[in-house]
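Just so you know, ligand 1 is whichever comes first in the structure, and atom 1 is the first atom listed for that ligand. This structure is a prediction, so every number in the text was calculated from the model and none was measured.
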Amino acid sequence: MVVLIAESINIMSKSLGPAMRERVPGPIQEMAKAEVAADADYLDLNIGPARKAGDELMQWVVKTVREVTDAPLSLDTTNPVAMEAGLKVYTGKGRPLMNSISPIRLAEELPMVRKYNAYMIGLLWGLDGMPRDANERGMLAVDLIYKANEAGIPNEDIWIDPIATPVSQIEQVKSCFEFMSMLGDMAPGCKSTVGLSNISNGSPAHLRPSLNRAFLAMLMKYNIYSAIVDVADTELVKIAHGQLPEIVSLVHRIMDGDRPDPSTLTKKELEYYKTVRVLLGETMYSDSWLEL
Ligand code: THG
């Protein structure tokens, strides 16, 4: 079972962004109920950088969602003042998840993790931006975990996010997998997560689920603990819940080098086969990869 963090309550969303800015509770509460009904374990409340009155916005979103569900929440903002404001009013089931903790804001963010008994998602984002390869991710992870431990946070409360990039940046995708294969040995006890939909950012809408599903099945080979996902994708939720074991094992066999005869595969298996080969960097990505 992969722990699912629902992504859709997001300031970037065409429908919910305006609702957040104008403090209209209805659409946000409907989405929260839909995410819980779709089996989300956490609801991500992403208010972005929230430079202007971020503290008031985060408190409003937390309280608005709390009126319809007591599901655990993931507070997602790069504004530490807004983060703390949300933690202050946090109630409900389970511990809060502090999302998008970054090496560049650790001094402000780490003390809050203990103070509010939260879990933390640590982004492997370097002081000069995106890490270039798996080793840079490793160095960032070691440094982040060391500083978190120093602040009294045990590995079990740290969820490492290697940062997924769009499939068009295939070298980054490969290094994300390589890093995930090392994480268990590097940081025993640490958990992991990934913003799954990042992989299909910029791809045509009707093709995004194929990429997201294959990416999740591949990450499961490295025992990914959780993922930030669109829970409206029921096939994706099934994969996460272990309800499509034959598909997941096919994906893992392909990753191990097995190349089944495509004519023996069902239509669905063939779709995964093609997509996994794109994500392994064996087939060049194009918006028509499934038709090849
Ligand atoms: N890691 C961590 N947190 C994260 C991310 C990550 N939080 C934000 C983001 N990345 C994950 N959340 C989303 C939310 C929405 C989408 C992608 C990632 C998305 N939305 C559609 C779009 O933009 O086309 C639909 C938007 C709409 O409703 O209008 O793709 O990597 N730790």
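Counting only distance, with no hydrogens or angles, the side chain of T77 and the backbone of G48 share a donor-acceptor pair below 3.5 Å. Judged by distance alone, the side chain of H241 and the main-chain N or O of M1 form no donor-acceptor pair under 3.5 Å.
Each of the following atoms of ligand 1 lies closer than 4.0 Å to a heavy atom of D76: 3 (N), 4 (C), 7 (N), 8 (C). Listed by atom number, the atoms of ligand 1 under 4.0 Å from S197 heavy atoms are 17 (C). Per-residue contacts place I228 under 4.0 angstrom from the following atoms of ligand 1 (heavy atoms of the residue considered): 1 (N), 2 (C), 3 (N), 4 (C), 11 (C), 32 (N).
Which of K14, E7, M31, M12 comes nearest to atom 20 (N) of ligand 1 through a heavy atom is settled by distance: it is E7. Relative to atom 15 (C) of ligand 1, the option among T77, N10, N46 with the closest non-hydrogen atom is N10. For atom 26 (C) of ligand 1, the candidate residues are S203, P162, G195, S13; the nearest heavy-atom contact is made by S13.
Residue T193 places no heavy atom under 4.0 Å from ligand 1. For D161, the heavy-atom gap to ligand 1 drops under 4.0 angstrom.
Looking only at protein heavy atoms, the nearest one to atom 31 (O) of ligand 1 is N198 ND2, 2.8 Å.
A cation-pi arrangement, defined by a distance under 6.0 Å to the six-membered ring centre and an angle within 45 degrees of its axis, is absent between R137 and F179. The cationic group of R95 does not satisfy the cation-pi geometry with Y116, failing either the under 6.0 Å distance to the six-membered ring centre or the 45° limit from the ring axis.
Counting heavy atoms closer than 4.0 Å to ligand 1, residue L16 contributes nothing at all. Using a 4.0 Å cut-off between heavy atoms, N99 contacts ligand 1 through its side chain alone, with no backbone atom that close.
Using a 4.0 Å cut-off between charged nitrogen and carboxylate oxygen, R259 and E282 count as a salt-bridge pair.
Side-chain contact between L211 and W289 is present, with at least one heavy-atom pair separated by less than 4.5 Å.
The two residues T78 and P49 make their nearest non-hydrogen contact at OG1-CA, 3.2 Å.
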